[in-house]
Amino acid sequence: MFNKILIANRGEIACRIIRTCNEIGVKTVAVYSDADIDALHVEMADEAYLIGTAKPSESYLKSDVIIEVALKSGAEAIHPGYGFLSENAKFADDIQKAGLIFIGPDSSSIKAMGGKSEAKILMEEANVPLVKGYHGEDQSIELLKEKAIEIGFPVLIKASAGGGGKGMRIVNEGDDVEQEINAATREAISSFGDGKLLIEKYLTKPRHVEVQVFADNFGNTIYLADRDCSVQRRHQKVIEEAPAPNISDKTRKEMGEAAVAAAKSIGYKGAGTVEFLLDIDESFYFMEMNTRLQVEHPVTEMVTGVDLVELQLLTASGEELPINQNEVEISGHAFEARIYAEDPDDNFLPAAGNIKYLRFADGFDDVRIDTGIRETTDGNIETVSIHYDPMIAKLITWGASREESLLKLNKALADTKIIGIKNNISFLYKLSSNQNFINFDVDTKFIENNLEDLLDNKEISNIDLSIASAVVQNLRLESLIKDQEMANDDTSPWNLSNRWRNNLTREENLEFRIGEDSKNVILSYDDLEDVEVRIGDSDSISVNLSYYIDSFSAEFEIADNIYDVTYMNENNNLTLIYEGRKIELYWNNPLNDNADDVDATHNLTAPMPGSVVSVNIKTGDKVIKGQPLIIIEAMKMEHTISSPIDGVIDRIAANIGDQVDDSLVLVYFAEA
Ligand code: ADP
């Protein structure tokens with residue numbers, strides 16, 4: 001076994017590799033870009049070296065610099081993780097030339113599987129089944145057209161050098177084929193620098209099933225179960241599971257053996273994945289082989305009990321595989337949900353920015369969280385950089401049955417809270433409780449076909465409003481306590497709550513605005529933590545602020561149900577998360593407008609020194625009370641400054657990028 005290895009990667013996969021190294025006593029060297037100075041992988045590694053600026057081409061893709069660091073630090077081997085340089089044959093070669101070991105296959109295997117077309121030619125020779133198609137050298141438009149017609153529509157055009165679901169085009173009829181081929185060529189050249197195309201029969205209801213293979217340097221090659229990765233958006237995976245459900249033992253075995261044959265035909269070493277399309281009749285076709293560890297490898301680990309990273313280190317250091325095919329046992333069922341910074345409502349557009357609150361599921365058995373981002377529940381900020389993959393974490397569960405494992409996933413997702421950045425948690429929550437998914441009525445179009453049921457319900461319910469009212473009360477209680485300088489008191493604020501009791505029942509109006517919509521709620525209470533909420537003509541709902549967790553979360557008892565709610569309030573803009581649901585609304589509280597920030601003329605001053613990051617208004621704009629006008633960043637936090645009145649903007653004294661003092665007037669209102 002190695003003494004020390006370098007990890008040429010970042011984020012969750014770097015942390016994942018370091019974890020195994022720590023367990024088996026291998027020292028670790030991290031590399032990082034200047035965007036990752038405070039990153040978790042840097043903190044976790046025994047040593048860490050800055051290798052360049054944030055842009056991957058200036059740091060994580062700098063193979064020569066990385067090899068230099070490996071030599072300097074005395075590392076014997078380099079683990080590439082996935083992405084970045086993991087499938088770069090030259091990197092594997094250069095590592096070897098430098099006298100180090102690449103933790104992965106030989107560069108010849110990477111090259112063999114690097115082009116989809118070339119890989120298909122090899123697989124044909126190895127008798128691995130291929131979907132009907134054309135993957136030849138001749139790329140003349142006439143021939144490609146002819147082949148498309150011969151294969152029969154619909155066909156799928158792919159870039160041979162493609163990856164990550166990019167550059168694929170479905171063609172449904174002959175009339176479109178020439179135009180689509182031309183467009184695909186252009187796209188392939190601009191994305192991958194290589195215009196070569198292949199054409200395949202487009203299967204209309206396939207599943208994506210892949211097989212984990214493993215080989216040592218002595219010719220032993222095994223397969224470690226299969227994974228179903230059919231649940232995809234934009235041809236990219238979001239939930240994976242192992243073993244793949246609803247497959248006969250016969251097909252499972254044939255697929256496993258085909259994967260081993262594929263690996264053997266190219267003299268494969270280390271961890272690899274052979275991806276297949278599985279048709280409704282259980283016929284399966286080779287799609288491609290990934291010559292590295294996959295993002296979804298944990299589900300295989302959960303059902304086989306094998307640490308794949310440990311196995312990679314073991315075989316790369318020249319040891320024999322410690323298990324043979326007969327010893328591979330599958331137990332139970334595992335899921336992985338990828339938590340991404342992205343917007344499901346906007347075609348899953350990736351997001352970047354600051355995470356202001358992040359709490360992972362806690363206290364569940366058989367739940368594993370792989371992440372490169374720290375929890376942040378104390379006002380610190382963690383950042384998802386625009387330069388890298390927007391994955392925040394992988395939530396992995398195991399259960400004795402699929403049903404049990406899926407239920408654990410659903411519960412763990414409900415207990416995962418993120419505020420401050422768009423994310424797909426409520427989408428994953430809905431997915432994991434979707435009846436079609438529970439029944440495994442799944443193919444690669446699952447998300448597309450079920451999208452409406454999977455997106456967040458934007459209708460605000462009476463329970464939502466009751467929870468929002470409870471949060472408002474909670475905020476008041478907390479600020480009352482702070483005012484009394486009791487914030488540092490160890491005692492739970494709720495023990496002190498009878499101080500806020502009086503004998504008069506108060507009644508007040510709260511207004512909640514959700515987009516264009518506005519809802520009025522009447523609260524009545526004689527002590528702050530026991531409230532009756534009335535919405536329109538409906539019966540009043542009793543709300544009890546039962547249990548305070550931290551400044552961002554509490555448990556409320558509402559109409560006899562307990563809700564675990566996480567919330568954030570920024571200038572009356574409220575974000576609420578409960579039971580996998582996230583709601584954003586603005587609340588208008590007559591007791592607490594931005595009085596401190598407003599002088600007699602209502603001109604707005606900066607509430608603190610900071611830099612202006614956004615100006616949402618221009619001179620002459622009519623604004624309404626509560627409308628966000630300017631965002632200031634201070635202490636790594638963004639603070640939204642909202643309008644204190646309904647009025648007209650007379651002058652704006654701040655530009656994006658300005659450093660402002662806390663007394664500076666930012667916005668002047670026209671006199672009413
Ligand atoms: P990439 O390398 O870009 O990820 P793949 O060849 O692995 O591309 O395909 C990605 C996804 O596209 C598959 O998981 C599957 O959902 C879909 N797909 C690929 N080939 C076909 C096909 N012939 N018919 C139907 N769907 C396909």
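In each ligand, atom 1 is the first atom listed, and ligand 1 is the first ligand listed.
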With a cut-off of 3.5 Å and sequence neighbours excluded, list every side-chain donor-acceptor pair involving residues 261-268.
from : atom 1 : to   : atom 2 : distance (Å)
S265 : OG     : A262 : O      : 2.8
Y268 : OH     : A271 : O      : 2.7

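- The side-chain hydrogen bond (donor to acceptor under 3.5 Å, both in side chains) contacts involving residues 141-150 comprise K145-E178, where partners must be two or more places apart or lie in separate chains.
- Around ligand 1 you find K116, L156, K158, G163, G164, G165, K166, M168, E200, K201, Y202, L203, P206, H208, Q232, H235, E275, L277, M287, E288, T444, each with a heavy-atom distance below 4.0 Å.
- A donor-acceptor pair under 3.5 Å is formed between the side chain of D194 and the backbone N or O of K196.
- Separation of the Y388 and Y60 ring centroids falls under the 6.0 Å cut-off.
- A donor and an acceptor atom, one from each side chain of T273 and N290, are nowhere located under 3.5 Å apart.
- Residues that satisfy the ring-ring contact (aromatic ring centres under 6.0 Å, His included) test with F446, not counting sequence neighbours, are F437.
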